[in-house]
Amino acid sequence: MLAANPFVRKSSQERKPDFLPQVSIYKTETYDSAIVEEAVRSHFDALELSRFIRAGQKIVVKPNLIMKRDPGDAVTTHPALVEAVIRRLQAMGVRDITIAESPGGPYAIPLLQSLYQTCGMTEVAQRTGAVLNFDTSSRQLDGNGQVTRHFTVIHPIADADLIINICKLKTHCMTVLSGAVKNLFGCVPGLMKPELHMRYPQKEDFCRMLLDLSAALPPVISFVDAVDAMEGDGPTGGRKKHVGLTLCSADRYALDLVNAAVLGIDPASIVTVRQAAERGLCPASLDEIQLLGDQDALTQAGPFLPPRSKQADFSSQFPAPLRPAAKRIARWLQPRPVIRQKDCIGCGKCAESCPAHTIRIQGRKAVIAYQNCIHCFCCHEMCPRQAVDIRRRGIFDL
């Protein structure tokens, strides 16, 4: 188990002191339908998820479909897990089930059609009778967040009685972990995501926004597809890593703490996990979580390769008069996106997704104006050719 971390626990009406959140973990070695269905049944039974589910509910299944990629690439949620969850819901009498996602880029019907087809969701809908969402309208949800109290979200999410959040376990160049909380960013429609990146260019504020969004949404049950995960420069440019697990919880904050253990990464370095603990939403350590199922398999895959963008702010270690200069040096040392010109096809996806509008297509190649770059790595995420690398200053790449 992870050692206790120096999180500050604060009082919260959202968590009772005597309540231990539950996270279930089951070995799921392949995407064979029988194996995945057995794992999903085990999650439902262990966590008694029937407490949260009624036959007449309007349920949205929200996978991670960040971009058009084959399911075997470990970039998107595998359709076998989505189908197994839907079939389990149907066995419980649920009939109103919609598969919905807002990927990077424009939130438009042609893009959604192509996305669902490439990621295997079209076939899942055909086999199960679940509905694919093509409603590109949106609605505002109001919350009581620290930095954001109003969110525009895609229509099916706003109307849902329950969200089944099926994330893909990946390291992430900006947030370190792409897990249960981060996957909910896909509830924001299309190009409104870069707007939020621009409003909150600093990682701390951006992660506060993610937690505010999570709190504003309808009730959520989260699954983690960690059969094949991604390490390194995720969420789209890393390398596939076989883990052989699925995880589940009705507590997405505790689930992300467990996800950190699967990654073998200090949860204090994952800003959403640390901030959730500071808000009183997340336990301080795994000792405060009831692990169910195959808990001995939690770290069976070994530590994940972290993203090259992972960095530490050392400026606080300097005397106060020197901190401004230290921050400037830290910014100069920051990893940055670099476009491999020989592989760039000039499609403009990076420019389209850039919150700071700092990328231009010149001579059929993308060019970054670094003086305006906010280091969000959206260009790296959205490049269909993986032609955007994360580079560090070589002498400090320790």
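With no hydrogens or angles considered, a side-chain donor-acceptor pair links H43 and T246 at under 3.5 Å. Judged by distance alone, the side chains of D32 and T30 never bring a donor and an acceptor atom under 3.5 Å apart. Checking R252 against S214 by side-chain atom types alone, a donor-acceptor pair falls below 3.5 Å. Between the side chains of H172 and E381, at least one donor N or O sits under 3.5 Å from an acceptor N or O. Under 3.5 Å, the side chains of S138 and Y107 contain no donor-acceptor pair of N or O atoms. With hydrogens and angles left out, the side-chain atoms of T76 and K68 include no donor and acceptor closer than 3.5 Å. Side-chain contact of D225 with H78: a donor-acceptor pair under 3.5 Å is absent, judged by distance alone. No hydrogens or angles considered: nothing links the side chains of Q22 and E48 as a donor-acceptor pair under 3.5 Å.
Here the side chain of K349 pairs no donor or acceptor atom with the backbone of C379 at under 3.5 angstrom. At distances below 3.5 Å, at least one donor-acceptor pair connects side-chain atoms of D251 with backbone N or O atoms of A254. Side-chain atoms of T358 come within 3.5 Å of backbone atoms of A369 as a donor-acceptor pair (strictly under, hydrogens ignored). Distance alone, capped at 3.5 Å, is enough to place a donor-acceptor pair between the Y116 side chain and the N133 backbone. At least one donor-acceptor pair closer than 3.5 Å links the side chain of R360 to the backbone N or O of H357. Here the side chain of K170 pairs no donor or acceptor atom with the backbone of G179 at under 3.5 angstrom. Checked by atom type and distance alone, the side chain of T98 never pairs as donor or acceptor with a backbone atom of V60 at under 3.5 Å. Judged purely by atom type and a 3.5 angstrom limit, K241 has no side-chain atom pairing as donor or acceptor with the backbone of D228. Looking at Q146, its side chain never comes within 3.5 Å of a backbone N or O of D212 through a donor-acceptor pair. Remark: side-chain polar atoms of R95 are paired, donor with acceptor, to backbone N or O of Q90 under 3.5 angstrom.
For R364, the CZ atom sits in a loose shell: 12 or fewer heavy atoms of surrounding residues, nucleotides or ligands are nearer than 6.0 Å. The number of heavy-atom neighbours closer than 6.0 Å to CZ of R340, taken from other residues, nucleotides and ligands shown, is above 12. Residue-environment remark: NZ (K365) exceeds the threshold of 12 foreign heavy atoms within 6.0 Å. Atom CZ of R54 has 12 or fewer heavy atoms from other residues, nucleotides or ligands within 6.0 Å.
L112 is not listed as a side-chain neighbour of L132, based on a closest heavy-atom distance of 4.5 Å or more. Between H380 and C173, the closest side-chain pair of non-hydrogen atoms falls below 4.5 Å. In this structure, L81 and V40 have side chains that are in contact, with non-hydrogen atoms separated by less than 4.5 Å. With a 4.5 Å cut-off on side-chain heavy atoms, K240 and M230 do not count as touching. Looking only at side-chain heavy atoms (C-beta outward), H375 and P201 stay at 4.5 Å or farther from each other. L177 is not listed as a side-chain neighbour of I265, based on a closest heavy-atom distance of 4.5 Å or more. Residues L196 and R199 have side chains in contact (heavy-atom distance under 4.5 Å, counting atoms from C-beta outward). Between I164 and K62 there is no side-chain heavy-atom pair separated by less than 4.5 Å.
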Inset, instruction - Take Q57 and D96 through the side chain to side chain contact (heavy atoms under 4.5 Å, CB included) test and state the conclusion after the steps. - result: CA-CA 7 Å; Q57 284 177 316; D96 193 343; over 6 Å; no
Inset, instruction - Dump the intermediate steps for side chain to side chain contact (heavy atoms under 4.5 Å, CB included) on V271 and R208, then the final yes or no. - result: CA-CA 9 Å; V271 180; R208 289 188 184 98; over 6 Å; no
Inset, instruction - Go through the steps to decide whether R41 and E37 satisfy the test salt bridge (Lys or Arg N to Asp or Glu O under 4.0 Å), and finish with yes or no. - result: CA-CA 6 Å; R41 182 198 63 76; E37 286 177 6; over 6 Å; no
Inset, instruction - Show the numbers, then the answer: is there a side chain to side chain contact (heavy atoms under 4.5 Å, CB included) between I163 and L217? - result: CA-CA 9 Å; I163 300 168; L217 294 172; 4.2 Å; yes
Inset, instruction - For S102 and K193, run side-chain hydrogen bond (donor to acceptor under 3.5 Å, both in side chains): C-alpha distance rounded to whole Å, both residues' side-chain angles, the deciding distance at 0.1 Å, then the answer. - result: CA-CA 10 Å; S102 172; K193 296 187 192 73; 3.1 Å; yes
Inset, instruction - Any chance you could lay out the side chain to side chain contact (heavy atoms under 4.5 Å, CB included) test for I289 and S249, step after step, and finish with the verdict? - result: CA-CA 11 Å; I289 297 175; S249 182; over 6 Å; no
Legend entry - Stepwise salt bridge (Lys or Arg N to Asp or Glu O under 4.0 Å) check, D159 with R139: CA-CA 9 Å; D159 283 350; R139 273 184 39 200; 2.3 Å; yes
Legend entry - side-chain hydrogen bond (donor to acceptor under 3.5 Å, both in side chains) assessment of H242 paired with E29: CA-CA 8 Å; H242 182 70; E29 288 293 344; 2.9 Å; yes
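Put simply, CZ on R308 and CZ on F377 are 10.5 Å apart, with the number rounded to the nearest 0.5 Å. Annotation: the span from L247 atom CG to L292 atom CG amounts to 11.0 Å, rounded to 0.5 Å. The CG atom of L245 sits 9.0 Å away from atom CG of L169, with the distance rounded to the nearest 0.5 Å. Taking SG from C354 and CD1 from I368, the interatomic distance works out to 8.0 Å, rounded to the nearest 0.5 Å. Distance check: T272 OG1 to L184 CG gives 11.0 Å after rounding to the nearest 0.5 Å. Atom-to-atom distance recorded for L210:CG and Q275:CD is 8.5 Å, nearest 0.5 angstrom.
Electrostatic pairing of D73 and K168 does not count as a salt bridge here, judged by no charged N lying under 4.0 Å from a carboxylate O. For the pair R274 and E204, the salt-bridge criterion is met [side-chain N within less than 4.0 Å of a carboxylate O].
Here the rule is side-chain hydrogen bond (donor to acceptor under 3.5 Å, both in side chains) with N165, and of T77, N183, N64 only N183 fits it. Only one option out of L47, D161, I221 pairs with F52 in a side chain to side chain contact (heavy atoms under 4.5 Å, CB included); it is I221.
In plain terms, the two heavy atoms of E101 and G186 that are nearest each other are OE1-O, 3.4 Å. Between I339 and V388, the closest heavy-atom pair is CG1-CG2, 4.1 Å.
One hydrophobic cluster, built from ILVMFWY side chains closer than 4.5 Å, holds both V82 and F134. No path of Ile, Leu, Val, Met, Phe, Trp and Tyr side chains, each step under 4.5 Å between heavy atoms, connects V338 with M382, placing them in separate hydrophobic clusters. Put simply, I66 and F223 are part of two different groups of oily side chains (I, L, V, M, F, W, Y) that touch within less than 4.5 Å, one to the next. In the hydrophobic cluster analysis, where Ile, Leu, Val, Met, Phe, Trp and Tyr join through side-chain heavy atoms closer than 4.5 angstrom, L141 is grouped together with V147.
For the pair R336 and Y370, the cation sits on the ring face: its NZ or CZ lies under 6.0 Å from the ring centre, inside 45° of the axis.
A centroid separation of less than 6.0 Å is found between the aromatic rings of F185 and F206.
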